[in-house]
Protein chains: 2
Amino acid sequence: MKEIESTLQNKGIRPTAMRMLIYKFMAEKNSAQGLSDLELAFTKADRTTVYRTLKTFEEKGVVHQIDDGTGVLKYALCEPGCRCDIERDLHLHFHCNACDKTICLTEHKIPHINLPDGFIAEDANLVVKGICDSCSTY
Amino acid sequence: MKEIESTLQNKGIRPTAMRMLIYKFMAEKNSAQGLSDLELAFTKADRTTVYRTLKTFEEKGVVHQIDDGTGVLKYALCEPGCRCDIERDLHLHFHCNACDKTICLTEHKIPHINLPDGFIAEDANLVVKGICDSCSTY
DNA sequence: ATTAAAATGCACTTCTGTTGCACGGCTTTT
DNA sequence: AAAAGCCGTGCAACAGAAGTGCATTTTAAT
């Protein structure tokens with residue numbers, strides 16, 4: 001818990017109890033979490049607080065937003081070395097159609113794409129859908 | 001207009017006036033359209049009608065849905081030869097941060113991705129964001 | 001301890017997508 | 001031609017998620 005506190009401080013975030021709990025919760029999950037997931041996990045807290053906490057985390061490069069195509073935005077902790085606050089880390093995301101979880105495949109970077117003349121790429125988002133390793137081993 | 005009529009019929013869609021107008025509208029655009037875009041273009045018609053028309057088009061493989069990360073679903077006509085109704089056409093989509101348009105780069109297929117053991121890919125979505133050719137030529 | 005700033009909670013709004021129901025026209029059947 | 005039924009359309013209302021304004025509490029600094 002002390003580690004979390006210093007982690008947040010290093011990122012320029014005041015480590016309140018709420019923020020540390022949310023950070024801890026997300027660190028324990030191996031899949032990306034939606035606002036409603038956190039809402040359910042922290043019924044004592046208000047939706048807005050969770051919402052703004054995520055926004056703060058995102059601004060400071062603690063989490064990154066994932067649009068996995070389900071219609072709800074997900075959030076996942078950034079990898080230790082990532083400079084999400086400066087430049088997007090272009091790893092791909094995997095959404096399992098069975099368990100409905102979305103996970104970061106941080107080792108798998110989005111390949112370079114050749115665009116037609118005149119097109120300038122600034123960012124990219126790749127989501128692969130299918131069956132994850134947990135669900136495929138039955 | 002006669003062409004549109006037979007196109008729809010070939011896809012198993014009854015060619016009503018509304019449907020032909022919507023098809024025509026989308027065919028004239030080179031960018032993907034959201035529900036609200038069509039809503040604005042057809043103020044005489046009801047939102048629900050446009051919505052259900054798109055759903056019908058999608059089911060029958062006339063249009064495909066695009067999640068470009070803006071939070072609103074877009075639709076674009078499928079290419080002549082595409083078998084969207086059977087198997088997804090994995091071309092990539094480009095979203096322009098300047099003009100906010102989303103277009104299909106049908107020539108650019110999503111490259112094959114090597115996934116970790118146990119992961120099975122069924123579908124993929126790749127959206128590149130940046131500046132489109134129209135906006136970059138100033 | 002006092003004060004200022006930041007975080008939290010409550011209520012409300014907006015936007016998008018979606019569904020239920022009723023009306024009306026077109027098609028089909030007799 | 002009349003009757004029956006299907007299908008498209010429109011109206012209304014709902015649901016879920018994201019976002020905002022303001023009052024209150026908590027935290028940090030002096």
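Computed from a prediction, not measured in an experiment: that's the story for all the values here. Just the heavy atoms: all of them, side chains too, but no hydrogens, waters or symmetry mates, feed the values below. Chain A is the first sequence line, chain B the second, and so forth, proteins listed ahead of strands; every chain is numbered from 1.
- Within a 6.0 Å sphere centred on CD of B/Glu122, other residues, nucleotides and ligands contribute more than 12 heavy atoms.
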Atom pairs under 3.5 Å, N or O on each side, protein against nucleotides 20-29 of chain C: can you list them with distances?
unit_1, atom_1, unit_2, atom_2, d
C/dG20, O6, B/Arg52, NH2, 2.8

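- With a 6.0 Å radius and a threshold of 12 heavy atoms from other residues, nucleotides or ligands, A/Lys24 has its NZ atom at or below the threshold.
- More than 12 heavy-atom neighbours from other residues, nucleotides or ligands sit within 6.0 angstrom of CG on B/Asn10.
- Here A/Lys55 does not reach the OP1 or OP2 of D/dA18: none of its side-chain N or O atoms lies under 4.0 Å away.
- Annotation: of the two residues near DNA chain D, B/Thr49 and A/Tyr75, the 5′-most nearest-nucleotide partner is B/Thr49.
- Among the nucleotides C/dG9, D/dG10, C/dT18, the one closest to the side chain of B/Asp46 is D/dG10.
- The side-chain heavy atoms of A/His112 and A/Asn114, taken from C-beta on, include a pair separated by under 4.5 Å.
- Heavy atoms of other residues, nucleotides or ligands lying less than 6.0 angstrom from CD of A/Glu3 number 12 at most.
- For B/Arg19 and D/dG8, the shortest distance from a side-chain N or O to OP1 or OP2 is below 4.0 Å.
- The phosphate of C/dA7 has neither OP1 nor OP2 within less than 4.0 Å of any side-chain N or O from A/Thr53.
- Spacing between atom CE of B/Met18 and atom P of D/dG8 amounts to 14 Å, rounded to whole angstrom units.
- Regarding A/Glu39, its CD atom lies at a distance of 13 Å from the C1' atom of D/dG19, rounded to whole Å.
- In terms of hydrophobic clustering, with Ile, Leu, Val, Met, Phe, Trp and Tyr side chains grouped at heavy-atom distances under 4.5 Å, B/Ile103 and B/Met26 are assigned to different clusters.
- Taking atom CZ of residue B/Phe42 and atom C1' of nucleotide D/dG10, one finds them 16 Å apart after rounding to whole Å.
- Rounded to a whole Å, the OH atom of A/Tyr23 is 18 Å from the P atom of C/dA7.
- The side chain of A/Tyr51 places an N or O atom within less than 4.0 Å of a non-bridging phosphate oxygen (OP1 or OP2) of D/dG19.
- Note on A/Thr16: a side-chain N or O is less than 4.0 Å away from OP1 or OP2 of C/dT8.
- Rounding to whole angstrom units, CG of residue A/Leu54 and P of C/dA7 are separated by 14 Å.
- Between the CD atom of B/Glu59 and the C1' atom of D/dG8 there is a distance of 14 Å, rounded to whole Å.
- Nucleotides of DNA chain C nearest to A/Lys44 and A/Arg47 differ in position, and the one nearer the 5' end is that of A/Lys44.
- Two rings, from A/His108 and A/His93, have their centers 6.0 Å or more apart.
- One atom, CD of A/Glu58, and another, P of D/dA18, lie 12 Å apart when rounded to the nearest Å.
- Here C/dG17 presents its P atom at 5 Å from CG of B/Leu35, a figure rounded to the nearest Å.
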